[in-house]
Every structure is written in structure tokens, then in C-alpha cells.
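See structure below.
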2 protein chains.
Amino acid sequence: MPHENGKKTGRRPGDSGSKQAITEAARRGFGRLGYDKTTIRAVAEEAGVDPALVLYFFGSKEELFAASITWPFDPSRELPAVIEGGASDAGRRLARLFVKTWDAEEGRNTIVALLRAAMSQERAERQLRTFLETEILGPLVTGLGCDEPELRAGLVAAQLLGLGITRHVLKLEPLASLDAEQVVELVGPALQRSLSHPLPLARR
Amino acid sequence: MPHENGKKTGRRPGDSGSKQAITEAARRGFGRLGYDKTTIRAVAEEAGVDPALVLYFFGSKEELFAASITWPFDPSRELPAVIEGGASDAGRRLARLFVKTWDAEEGRNTIVALLRAAMSQERAERQLRTFLETEILGPLVTGLGCDEPELRAGLVAAQLLGLGITRHVLKLEPLASLDAEQVVELVGPALQRSLSHPLPLARR
């Protein structure tokens, strides 16, 4: 799962238009219908190409998903600002990064597509877990110098993913309709606790 | 979505064995494969009946899902104990109820099936939202006498669903392997804050 700037180059210069059209049609399809209901055939049709060309470029639906659905922000560009402000207020900055991204329509569609795929398809689940661990959570808790970094990373992931599902999939009100800064004020302090407060856990 | 004790009666006495077999096959199929990949045909085959009998009893895959996948505990039986202990320690008791349920294999399969279906199918999403709001979250925040009950319900839902996804779908370690009481100690205080601490939110 590359981030949004992770582009692959086409195999031949002349291919790039079709490949781009396929990628965009796939992104819309996966975002709207989910992994299982999005077919190579439908993506090809929306992109105005032959299904065989989709397979020529991407090999399989799994590969197409992996190449077309990208995390809606570039962690290597966005995380330093979360980390550099220091550990004592990182929760609010982390909340803001996720909430603002997901409140933008494209970011919301992407996270829903990623979660949907992760719940129905093992490869997408592994891909999302690895991406979260190595690109977002790992650098975050390491950069902030957290003790028990993996456990804190898991708690942070639970809070952020739960928030995304509650606001953008289940759409529980009033949480779903709050604006971004209100949500940041609500969940920022809870994220802060997961990042820096003593953990009440007697670890084995 | 009935809870586990919500049984429907068969149309004729002689049907109950087949209907029960279909329901159990459907529960296994939805839990293992998710909503989209579970077919009427496969459920019928596993139950040892004709697909037409599945449709005769349930009408559609949507109806079959709604009737076979049940919330893994009966809220009207379990929530009073969470509420009656009083608001000041309800977070830990609520965490225990969910964590223990989801740690049992059947409870885990059920929540994964419900979340999977909610992410791929609008009716399942509405069904899960309505069930959470009216059967679990509403009675909980009302019973505890919370201010801003709907908003607190949303925060609690985000925490619990995020925890379930992180532990049972993405399986982030070490969170996924902690035993139930360790998880209760970790997330109970955070749930407590969502239930009873002042909300830092200037509501419009």
C-alpha cells in the first residue's frame, strides 16, 4: 500500500493514460462497493478499457487493490510535525491529522475501502496491519520515545480506527456530524493518555 | 438482529430441525467468509438441504444474515449488572463484558461477521447501528444517568469497536494476545472517562 504520492511508472510511455484511468476507476469502485463486489470487468468498463488490459497491468484484483488504494496521507511527510511538537501534546496533533484526512471525502472513502477489504480479505488485512505498524504507528511511538511502544501503538490504533468506523461507517450521531476541531478536542486527550500516561498494566 | 436467545419459531413443527441446521450453517459461513462470499447455495449444502428451502424459510441472503447472526450476549440480561454497580466504575465492567464476550471464539466470529457485513452492505450497517443505539448504548448511558448521552454513547462505541477490530481483525500485537483482564485494566479507565468525565467540548 503506497501512500498517495507513491506512483508506479507505466510499462511503456503510451500506457500511462490507461493505467491512470484504471487506477482511478478502481479507487472509486473499491471505495463505493467494497472489495468483494468490485470486479475487474466493472473497473475496466468504467475506465473504458478491455478487462485484459487491467490484468496485463495489475495481474489480479488483489494487486489492483494494493496499487490503487493508497493511504490518504504520506506518513513520512505528515508524522514529523506530530512528533516534533513533543510528546506532551502529540495526542491532539495526531487526532487532527486523522480527523481532517478522514473528513475529506477522498480520505473517508479510502479508509472505508481499506477497512472493508481488511475485513474480507486476508492479504488486505496483512497489508493494512503492516502499513500501520511500519509506516505510522512504529515511527510515531518511536519518534515520541514512548515506553511500551507496541502496546501504546495498539491502543492508539484502536482509538483511531474505532473513531473512523463510528463516524464514517456506522455514522453514530452526534459524533458523525461534529466538525473536525470538536472531534480533536474530544479524542485528543484520550490519545494523549494512550501515548504518554502510565499504563495500568501488570505485564507478564 | 435478535440477541442469542431471540429465537424464531418454525413455520411447521417438522421444519425446526432443518431451519436450525440452516441457521447454524449460515452463522459459520458468515463468520468465516464474510457476508459477500457466503452464498445461499453454500449454506444449503452445508446444512444438507435444498437452496429453495433456505429461501422458503428466510426469503433472501439479507434475511438469512439478519436472522442467523445474533449479538453474542443478551443486553437486557447483561447490561443491568454493568449499570447497577454505579456510574463511577462502569467503564471497567463494560470493558469486561465486551472483552470476555469477544475473546470467546463464537463471540469473536460474530462481531467480525457483523462488522464485515456492516462495512459491505447498507442494511446490515443500519441494523447494527440501530441495535447498538437502542439495545446497548442507549440503555447504558440512560441507565447510568450520563449527561450528553448520545455523544458519550458514540465515544464508547468507537472505543469498543476499535478494540474489537484491533484485537480480532488486524490482530496488532501485543494487544491481540493480552488476556481479558489485562485488556480490561487498559481500556476500562478510558471507557470510564467517556462515560462520566466532563467532556471538553463546546457544543454548538
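Order of the sequence lines sets the chain letters (A, B, ...), proteins ahead of strands, with each chain counted from 1. Heavy-atom basis, side chains included; hydrogens, waters and symmetry copies ignored.
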Once you round to the nearest 0.5 Å, how far does CG of A:L199 lie from CD of B:Q182? 11.5 Å
Under a 4.5 Å cut-off applied to non-hydrogen side-chain atoms, are A:L151 and B:L178 in contact? yes
Would you give the length of the straight line joining atom CG of B:L172 to atom CD of A:E150, rounded to the nearest 0.5 angstrom? 11.0 Å
Got more than 12 heavy atoms from elsewhere within 6.0 Å of NZ, A:K37? yes
Separation of A:Q159 CD from B:L163 CG (nearest 0.5 Å): 10.0 Å
How far apart are the closest heavy atoms of A:L170 and B:A118, and which atoms are they? CD2-CB, 4.5 Å
Measure distances from A:I165 to the heavy atoms of chain B and classify the residue's part below 4.5 Å as side chain, backbone, both or neither. side chain
Heavy-atom pairs under 4.5 Å with chain A: which of B:L161, B:L115, B:V187 has the most? B:L115
Contact origin within A:E133 toward chain B - heavy atom pairs under 4.5 Å: side chain
Heavy-atom closest pair, residues A:E125 and B:K171: OE1-NZ, 4.0 Å
Could you tell me which portion of A:L132 (side chain, backbone, both or neither) has an atom closer than 4.5 angstrom to a non-hydrogen atom of chain B? side chain
Okay, A:L137 and chain B: the region with an atom under 4.5 Å from a heavy atom over there is side chain
Name the region of A:A157, side chain, backbone, both or neither, that has any atom closer than 4.5 Å to a heavy atom of chain B. both
Under 4.5 Å, counting heavy-atom pairs only, tell me which of B:G154, B:G162, B:G164 racks up the most with chain A. B:G162
Out of B:G188, B:A158, B:A153, return the one with the most heavy atom pairs under 4.5 angstrom to chain A. B:A158
Heavy-atom check, side chain of A:L155 versus side chain of B:T166, under 4.5 Å: no
